[in-house]
Amino acid sequence: MSVEGRPITATRLGDPEGRRVLVIGVIHGDEQAGLQIVALLDELPVPPGVDLYLVDSMNPDGVAHDVRTNANAVDLNRNFPYNWGPIAEPGDWQYAGPAAASEPETIAIVELIRTLRPDLVIWYHQDAYSIGPGEGRDGAIRARYAELTGLPMESVTGGTYTGVAAQWARQELAGNEPPGVAFIVELGVTLSADEARTHAEALLTIAGEPT
Ligand SMILES: [Zn+2]
């Protein structure tokens with residue numbers, strides 16, 4: 001449940017015994033293109049051997065108000081309980097909240113990931129149109145997604161990166177065998193219907209590929 005009482009729900013599709021893959025369409029409420037991708041993933045056939053979980057938005061209040069933060073003015077992608085640091089104050093675009101995992105939306109996703117221990121977690125963002133490079137198996141899966149979608153592999157710069165959701169998830173899932181993979185896909189400013197389909201199909205391809 002969000003600060004304003006909106007539900008945060010996950011839809012489960014595919015093979016319950018399969019590789020667990022979690023997709024989060026929105027974390028920054030004014031970056032909503034991922035909703036189109038999650039809607040397609042809800043309809044397309046799931047590849048064999050994939051246990052797919054879809055969260056359309058982990059920031060439903062931000063989506064409702066078309067703002068980056070949650071209803072407490074917290075940037076949820078600076079609020080996760082790994083390498084958390086205080087950033088700024090309410091009103092700042094990266095306000096990290098009063099403490100690590102202070103926000104109900106963060107806690108909901110932390111609990112979901114600790115329960116599921118997925119092998120692969122992806123968060124969609126805008127507008128940087130890129131995927132950051134990674135190392136090892138994580139890097140190979142990122143590169144494959146980039147290849148399938150045409151996104152350039154580049155690091156995003158210009159922010160303070162503490163309490164970041166994907167960094168927390170990688171650390172949290174490092175004990176999986178093999179260690180879990182988590183990364184951000186930065187979509188462009190807009191996402192056409194064709195591009196949304198390309199991303200949904202790419203997600204299903206990497207979900208279904210042995211790694
Ligand atoms: Zn973002």
Side-chain angles (χ1 to χ4, degrees), residues 2-3 6 8 22-39 41 54-97 100-110 112-113 120-134 138 142 145-146 149-171 181-192 195-196 199-200 202-203:
S2 69
V3 171
R6 293 183 175 88
I8 299 166
L22 172 62
V23 179
I24 298 173
V26 176
I27 178 168
H28 288 143
D30 58 351
E31 301 171 7
Q32 300 181 11
L35 293 176
Q36 297 175 62
I37 298 169
V38 172
L41 291 171
L54 304 174
V55 174
D56 60 350
S57 173
M58 62 166 284
N59 183 7
D61 297 347
V63 169
H65 302 298
D66 194 21
V67 296
R68 175 180 174 93
T69 63
N70 76 349
N72 289 333
V74 174
D75 181 341
L76 297 174
N77 204 33
R78 302 294 182 273
N79 189 240
F80 275 72
Y82 172 69
N83 189 31
W84 182 87
I87 303 175
E89 294 176 353
D92 185 276
W93 67 289
Q94 294 188 109
Y95 173 52
S102 58
E103 304 308 301
E105 296 90 352
T106 308
I107 292 167
I109 295 302
V110 164
L112 181 69
I113 289 175
L120 174 61
V121 187
I122 290 183
W123 275 269
Y124 286 103
H125 287 254
Q126 291 170 270
D127 305 324
Y129 196 71
S130 59
I131 295 183
D138 178 274
R142 293 172 188 231
Y145 190 100
T149 58
L151 278 185
M153 296 212 69
E154 290 166 9
S155 296
V156 176
T157 56
T160 303
Y161 300 113
T162 54
V164 171
Q167 290 182 12
W168 169 81
R170 277 198 296 283
Q171 184 263 346
V181 169
F183 60 91
I184 284 169
V185 174
E186 282 273 356
L187 303 166
V189 176
T190 60
L191 187 74
S192 71
E195 288 171 322
H199 280 269
L203 187 287

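Counting starts at 1 for both ligands and their atoms, in listed order.
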(message) Please enumerate all residues that pass ring pair (Phe, Tyr, Trp, His ring centres under 6.0 Å) together with Tyr95, with sequence neighbours excluded.
(response) none
(request) Could you tell me whether the side chains of Asn79 and Glu103 share a donor-acceptor contact shorter than 3.5 Å? (result) no
(message) Which label fits His125 and His28: parallel for a plane angle under 30°, tilted from 30 to 60°, or perpendicular past 60°?
(response) perpendicular
(message) Suppose we screen for salt bridge (charged side-chain N to carboxylate O under 4.0 Å, His left out). Which residues come up paired with Glu31, at least two apart in sequence or across chains?
(response) Arg68
(request) Enumerate the protein N/O/S atoms at a distance below 2.8 Å from the Zn ion (ligand 1), ignoring waters. (result) His28 ND1, Glu31 OE1, Glu31 OE2, His125 ND1
(request) Determine whether more than 12 heavy atoms belonging to other residues, nucleotides or ligands lie under 6.0 Å from atom OH of Tyr82. (result) no
(request) Sequence neighbours left out, what pairs pass salt bridge (Lys or Arg N to Asp or Glu O under 4.0 Å) with at least one residue falling in residues 120-134? (result) none
